[in-house]
Each structure stands twice: as C-alpha cells, then as structure tokens.
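Report on the structure given below.
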Amino acid sequence: MCLNSGDILRNNRYQIINKLGEGGFATTYTAKDARSPENPLCVVKEIRPPQSNYPQLLEEARQQFKKEAKTLRHLKDKCPRIPALIESFEEKGNFYLIQEYIKGEPLSQELGSGKKLGEAQVIDLLLDILEVLNCVHSQNIVHRDIKPSNLIRQLDGKIAVIDFGAVKAISNLAIQGGEITQTRAVGTDGYMPAEQWKNQPKFNSDIYAAGIVGIQAIAGLDIADLCNHKPTCEIIWHYSTPDRELPQVSDDLIRILNKMLRYDFTKRYQSVAEVLQDLREAKLSRAQSMPVETAIVEVEDAAPNSKTPFPPNPPLALPDGLSAGEKILFTSSRPPRSKQRGVQEFADSNSQRAFNFFKESWHQEYGKDPETLIYTNNAFLETSKAAYYTIAVVLSVCRRNQNSYALLSAQAKEFLRGVAQAQTEVNLELANSSDRHFPGQGFLPSKAINGKGLKVIIADDANHEEEAKQRAVSLVEQPDILAVIGHASSEMTMHAVDIYNNNHLVSISPGAATEELTSDPKKFFFRTQYTSHLIARDLAEYLLEKNQKQVAILSDPGSPFGASFMEEYKKYFGGIRGGKIVWIRDFDISKTDFNAERAIQEIEAKGETAIVLVPDPHVTKAVDNAFEIIKLNQSRNWIVGGWMLMCPQLLELVSGQPQNLFKKLICSVGWHPLNSRNTEFPQQTRSLWGEEGNTRIASAYDAARAIVKALEMQQKPSRKGMQKMLAAPDFSAWGATGTIEFNSPNNGDRKNPPRDLVHIVECPKELFGLAFVPIKYSTAAAAGLQCD
C-alpha cells in the first residue's frame, strides 16, 4: 500500500502530508494529528508484513511487531533523545508506527562530499551519539541502523537518534526448513559490520556504525571512499591522495576510531561506556594541553584606550549547554515571545534589537526572570561597545521537560538571581548615562569594575556527572572566562573541580557544603556557603538544648554532602557531645523504595528520638521523601534539617494543616534577610525580584561580589591573578551576608560564614500563609512581619 498526500489513517486521525523516505523494509511519511488542537507533525512508519501463504508466518510477524512497539513505547521514558511512540496498529494489511516528529536537520547534511568537522566537534558529536546509544543498550536494545540520515541535529544542537532497525526486521521473515528465520540483515550497507551482515548483531555493532560516522566527519569521506585492508579486512581511512590532504587527527582519536571499527567484534570496544570514557579522557587531555594563559596574555597587552571590548568578544556559537544570550536554557515553561525574539536577534549578532527585546521581556508583568536579566546585560555590553570582563555561572538548569526537575530548575534560578543582581550593579554605571530604562535604576548601587562592565555566560550541568565535566571542559576552553561561579551542589562540584583547578580557572561554589572539597585543598577552589560540619554542629546543639539525647539520621549517604554530613554529625553529636544515634532500616532517604510510614514506626519504637533530615536537594525523590516524613510525623518528634528544606514547597505542604505539623521543625540556613549583616541587601533584592531573597540568592551574590573585587584589584586581570587576589590574606569583599574572606592558603572555605536556624510561623499575608523566620523570633509579629 502506498499512501498519498491527504490519505487518513486510524479513524480519521493521521492525515498524510508527504513521503519522507522509502527503503526495502518500510516507508515513512510526515502527517498531522487531526485529534490534537495544534495538529502537531508526526511520523508515520509503514511496515510491510512478509509475503507468504503461511498464516503462522503472518502471526509471528504480528507478535514481533507488538513486542517491538511495546519496547519503543517504554524506551522514551528511559532515553530522552529518541522519538516518542504515539501509537502502533495494523490497518489494511500493513503495520504502522506513529512517532514523534523530531525537529532539526539530519546529520547527512553536515557530512560527506568533502565536508569536514574539527576534532573537538567530532569528539562532541561521538559523545552525543554514544550517550543515546548507551541508554538504548542499557535497555537491552541494539539500534541496528546508525547512519547520518538517522541522526537528527535538534534545534538545541543535541543529536537525536531515530529509525530503530529491529521493528523493520519483520518484513523479511520467511520459513526455511520448517523454521521461521530472517532472510537478510537489517541495516545499511557501509555501516554494518560483518556480524550484522550474518544476522547476528551485537551491541558493539552500533559502535562500529558510530565509528563510521566519526571518520566521515573527521576525514570528509563518503562511504564509497572507504576501503578495506584485504589481509585483515580492517577499514583504511587515514590516508592522503594527490587531491586530498591527510586528515589532521590526534593519535588519541585515531586509536579510538580504529578500535570502534575493528572487523572482529571481540577486538572491538565491548561497551559504549568504554568508548565514552576514552573520548572524555581525550577531550580532557585536549583541554589540559591548551595554552589557556597565552590568549589572556595577548589580551592584557592590548592598548589601554582601545575601543575593542576587554577581553575580546567570544564567538556567539558557544558549546552545547552554554549561552550568553543566543539560546534559552531554562525551558521548563514557555518563555515570553519577546525573550524568544531577543535570543534570535542575539544569535544573529543584532545586539541592539536583542537588547530591546530582552528589556521588553524583563519589564513584562510576568518577568523578573534572572536568565532574561543576564541576557539584557550581555546585549547592552555588545550594543554599547563597552569594555568588559567575562565570567561564567554553571548550575543544574536541567533542560529536560520532566516534572521531577521542576524543583532543581527553581533552585537554579534562585542562585542565578544572585549572580544577575551583582552583574546588573556593575553594568548600571555604564548604562546610567545612556539608558533610562535599564533594570535596577534608582534602587541598586552602581559601580563598574575600573570603568569596565561584566558579561556572564550561563552553563547547565544538568545535574549529571558527565555533563558537569563537559561543561567544565567547555568553560576552561574559553580563554576570556576569568572565573566560574558554580557548581551549586556538592556532587556536581566534586565532578568538575579538578578540571577547573588543573586549568588554573577559579571556581567559587555558592552551594557545595561537603568537607571533602577542602579536606584535599584545591588551589583554585573557593566557596561562599558554610560547610557540613557547621550545619551538623548547629543542629546538634539545638537538639541538645531541647534535651534530645537520641537521633535518627535520614540522609542520602550516596551523595558527597550526605556522606559528609553524616560523618560530621556522628563525630560531634555521637562523639564529642555523647548523644546516641540510632539505626533504622529506612535511613537512606534517596532510595526509590523508601517507606516513610515504616521509618516513622521504627523511630517511634526507639523511644524519644529526634529526626535529622538531610536530603540531597538535587535528588528530587529524597526531598519528596523528606516532606513525607514531616507530614507523617505530625510534630510528635523534633525534626531538624539542612537549608535545602527551606523552600516554598515545604510551606505549601504544611499550609492548611494543624500547626503541630511544623511547630517542632527547625532548618539550618546560611543567611536570612531578618538577620542580614548587610541591611540594605534585602530591600534591594525585594525591589528587583519582589522578595528579600534567601540563602541561595545571597550566597551566589557573594560569590559574584568576591569575583568583582578580585577583578578590581588587578590592573590586567588574568586567571592566575584571580586566584592570587582571592587567596591573599588581606582579601576582603562586601556582600549580601557581610564581609567575605577565605581561609586561603589553608583551603578555600569562607572565614566565619554567617549561619542561622529558622522555624515556620503563621503569617496570612505571606506565601501559603506561612513564613520562615529565625528562631529568636517566636512569632511573625516579633519578627516585624506585617501579617494583619
């Protein structure tokens, strides 16, 4: 059956638009879904059943189709960069898969016919493809048809993998010798290794195909240009001809590609994880060998009165996960149209138009978005031709459109607010004379950095180890970046800190609290947040004051912060102060099978026992479980916890409930506006964001203020100069929380960091009718809140 434009399938639901492609096993079409109000595009894959007079063969094909469709349906939940299966059915003698339409361009438009990519681009491309395959293989699925036309470069630059081969195999089923078998291999000539030709595909058959794509990209070769060494059957690709130069490829990448392409699959990489590890090491080796200081020295030698921005403008096409304004990283909700237009104009180097659109978006009623404010600042610097310095902030933005990441994105925006506020204060002095509508005018202090502005690049580590490392590598490869604020969590910081340190790039974390970061000091690492031993001590002291001699700790021992906190709490409460720590079965609050009811029952069976709740804020399940413990406890036992519990979600949980749900609940925080040493900061923050701020905003602001101060102290700032200034014994900056000093050269911890204990009080005018206030205030009225 051949479908034509206008044909409709499945009870008038899918209307065919045109044919996308046709092969020996299936034909694909684009279609629109008539049942959806927006009529979104989808892909219709028509699979022809085997032609046979044997009814058992058709039934076998039908069962295999159902099995493969079920596999694809569940695969999307595990692997984000593959098309979702919308529906599968049999109609008019054919099998049909209806799949999500992936917007973007096939990689075949980038490769072949002499087109080449640089080595760094090829490594990123292979990492992108293999990360998807790693997920697919973890679900026990072999793709079977990796090739450029099945790799889609999405609008965000990431590669999506389409057109799985297994479901197409039903077209060539046949009965031979009384048994049902496949008559020919599924795949594409040139990308299939020997074992796949024999209908015996392995997981590393996909690795072979990805390797072919890699050598096409690095060498600019078409499939017809590849040849085999007859004695060994190995692929020959690294050669030159009179009209073609030898591809410039590092020894590391040659070795990796050759191992991906071994003819004998037993000598090939055995898993995608092995290839990923080697590629990441090769990428890191490239980054570490770059003479990053050289580019900075060239900038420092520029004429002081030059009109050229200082440092020079970086290319707009930043690596994946980074943005100066040319792409939106926070995509959990639909951005305003004006922000989208601003991003488009900035990407096209139309800085004046971008600046106008970003300002429009900021001043809209539903604005107050820190990403927009940073992009507004960056566009202003470009359009005003102002000289500026560049820093980066890297957070767990978590671009995945999944509900479980909503809390992480909200926390990332709070950290970003602190950075955006500090950046705006720097650029205000430059804008005051030229733009009366620049954000912050009239209420924020304004002071440029020795007459220069501040540009901020935002980076997303996606709360994922490998992405955190990749972001760090990308940032150290940008020689204009003089310092990094981030990462926000202990775990992501641990993954990336050595990359920054080895490349002499200062990183200041506003949120990482694990002791492990400074027990093994890193010369280029600092932080503005207080550490786990102080959190543990404050919570322990409070419980001892309440005559609580026994506690149960519910934490995430698998996270660096969770492990560090438990060790410090046991050392202080159970050691120095002689308290007792009891064990319960459900102590690991991050486990998917955590049973809150059973945990409460076990705690009650221990007698009078306080609960110490320290979920990792970047593990959504852990935070949800902590909230469930609070709900079930009903204030029978004291509960104390870290600052990650101080969030609107907790207030929402306990709002409308009897007060006993929260009257024995205490949180440790790094800063509270009612106890702020900088009395002006809470009001400035309220004027800018509509709230006085919280510990995340304050800590990130302090990190930015420390960097600004270090820049001011240098005549010609450099990466090594930043470390020297911050580590100086007399270094001091003024921030949201007061004086900022570091314990260098011993470690990068903050000297005498501010900290507080807070509890919840009723206040009808506040969010959810509740508010966090320092424990020294027994009521909202005592704290000075206007609640009537």
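Given the structure is predicted, the values throughout are model-derived calculations rather than measurements. In what follows, every heavy atom counts, from backbone to side chain, and hydrogens, waters and symmetry copies are set aside.
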- Query: So which heavy atom on Cys42 is nearest to which on Ile86, and how close?
  - Reply: CB-CD1, 4.0 Å
- Rounded distance (nearest 0.5 Å) linking atom CG of Leu395 with atom CG of Leu329: 10.0 Å
- Task: Give the C-alpha distance, both sets of side-chain angles, the deciding distance and a yes or no for salt bridge (charged side-chain N to carboxylate O under 4.0 Å, His left out) between Arg341 and Glu360.
- Result: CA-CA 10 Å; Arg341 291 288 303 276; Glu360 178 185 334; over 6 Å; no
- Rounded to the nearest 0.5 Å, what separation is found between the CG atom of Leu475 and the CD1 atom of Ile481? 4.5 Å
- Message: Nearest 0.5 Å, please: how far is CH2 in Trp362 from CG in Leu688?
- Response: 4.5 Å
- Task: Check the pair Ile707, Tyr389 against side-chain contact (heavy atoms from CB on, under 4.5 Å), reporting the backbone distance first and the verdict last.
- Result: CA-CA 11 Å; Ile707 288 173; Tyr389 301 105; over 6 Å; no
- Are the aromatic rings of Trp671 and Tyr701 close, with centres under 6.0 Å apart? no
- Item | Heavy-atom pair with the smallest gap, counting every atom of Leu645 and Leu650 | O-CD2, 3.2 Å
- Looking only at heavy atoms, which two atoms of Lys469 and His495 are closest? And how far apart? CG-O, 3.6 Å
- In terms of side-chain heavy atoms, does His672 have a donor or acceptor partner in Asp756 at a distance below 3.5 Å? no
- Spell out, as yes or no, whether a donor-acceptor pair under 3.5 Å connects the side chain of Ser555 to the backbone of Val614. yes
- Query: Do side-chain atoms of Ser323 reach the backbone of Ile458 as a donor and acceptor pair under 3.5 angstrom?
  - Reply: no
- Please examine the side chains of Phe587 and Ile553, heavy atoms only from C-beta on, and report whether any two atoms are closer than 4.5 Å. no
- Query: Are the ring centres of Phe380 and Phe438 closer than 6.0 Å?
  - Reply: yes
- Are side-chain heavy atoms of Phe565 and Leu539 found at a separation under 4.5 Å? yes
- Message: Within the supplied structure, the quantity of interest is the number of heavy atoms (other residues, nucleotides, ligands) at a distance under 6.0 Å from Glu691 CD; does it exceed 12?
- Response: yes
- Message: If the threshold is 4.0 Å, N to carboxylate O, is there a salt bridge linking Asp498 and Lys522?
- Response: yes
- Note on the structure: Distance col, row Thr376:OG1 vs Phe357:CZ, nearest 0.5 angstrom, shows 12.5 Å
- Would you tell me whether Thr493 and Arg527 have side-chain atoms, one donor and one acceptor, within less than 3.5 Å of each other? no
- Task: Taking the side chain as every heavy atom from C-beta outward, state whether Phe772 and Leu651 have any atom pair closer than 4.5 Å.
- Result: yes
- Item | Donor-acceptor pair, side chain of Asn350 and main chain of Arg353, under 3.5 angstrom | no
- Task: State, yes or no, whether a side-chain contact exists between Asn625 and Pro615 at a heavy-atom distance under 4.5 Å.
- Result: no
- Note on the structure: Note: Gly670 and Gln529 closest approach over all heavy atoms is CA-OE1, 3.8 Å
- Rounded to the nearest 0.5 Å, the CG atom of Leu130 sits from the CG atom of Leu125 at a distance of 9.0 Å
- Query: Which residues pass the side-chain hydrogen bond (donor to acceptor under 3.5 Å, both in side chains) test with Ser564, sequence neighbours left out?
  - Reply: Ser532
- Item | Distance-only side-chain donor-acceptor flag, Asn378 / Gln423, under 3.5 Å | yes
- Message: Does either side chain, that of Ser699 or that of Arg750, offer a donor lying less than 3.5 Å from an acceptor on the other one?
- Response: no
- Message: Parallel, tilted or perpendicular: which one describes the rings of Phe358 and Tyr375, with boundaries at 30° and 60°?
- Response: tilted
- Query: Is the side chain of Thr528 donor-acceptor paired with the backbone N or O of Asp702 at a distance under 3.5 Å, no angle test?
  - Reply: no
- Short question: side chain of Asp480, backbone of Thr390 - any donor-acceptor pair under 3.5 Å? no
- Note on the structure: All heavy atoms of Leu381 vs all of Leu454, minimum pair found to be CD1-O, 3.3 Å
- May I ask you to say whether Arg81 pairs ionically with Glu131, meaning some side-chain N is under 4.0 Å from a carboxylate O? yes
- Ion pair check, Lys283 and Asp124, cut-off under 4.0 Å: yes
- Message: Here's one to test your reading of the geometry: is the NZ or CZ of Lys631 within 45 degrees of the ring axis of Phe627 and under 6.0 Å from its centre?
- Response: no
- Item | Contact check, side chains of Val456 and Asn377, non-hydrogen atoms, under 4.5 Å | no
- Query: Would a distance-only check, ignoring hydrogens and angles, find a side-chain to backbone donor-acceptor pair under 3.5 Å from Gln154 to Ile152?
  - Reply: no
- Query: Side chain of Ser676, backbone of Pro673: donor and acceptor closer than 3.5 Å?
  - Reply: no
- Item | Smallest separation among heavy atoms of Ile485 and Ala703, with atom names | CG2-CB, 3.9 Å
- Message: Quick one about Ser590 and Asp588 (side-chain donor to acceptor, distance below 3.5 Å, no hydrogens or angles considered), yes or no?
- Response: yes
- Message: Would you say that Val761 contacts His759 through its side chain, given a criterion of any heavy-atom pair below 4.5 Å between the two side chains?
- Response: yes
- Task: Please report the C-alpha distance between Ile760 and Phe768 in whole Å, then the side-chain angles of each, then the deciding distance to 0.1 Å, and finally whether the side-chain contact (heavy atoms from CB on, under 4.5 Å) criterion is met.
- Result: CA-CA 11 Å; Ile760 298 174; Phe768 304 117; over 6 Å; no
- Message: If you apply the rule side-chain contact (heavy atoms from CB on, under 4.5 Å), what do you find for Leu554 with Phe594, and how did you get there?
- Response: CA-CA 11 Å; Leu554 280 64; Phe594 177 84; 3.8 Å; yes
- Under 4.5 Å between any side-chain heavy atoms of Glu466 and Leu276, yes or no? no
- To the nearest 0.5 Å, atom OG of Ser509 lies from atom CE of Met494 at 11.5 Å
- Test Asp460 against Glu467 for side-chain contact (heavy atoms from CB on, under 4.5 Å), laying out the working first. CA-CA 8 Å; Asp460 175 20; Glu467 294 213 37; 5.6 Å; no
- Query: Is a side-chain donor-acceptor pair under 3.5 Å present for Ser668 with Tyr530?
  - Reply: yes
- Item | Thr514 side chain vs Leu517 backbone, donor-acceptor pair below 3.5 Å | no
- Query: Side-chain contact, heavy-atom cut-off 4.5 Å: Val161 with Leu151?
  - Reply: yes
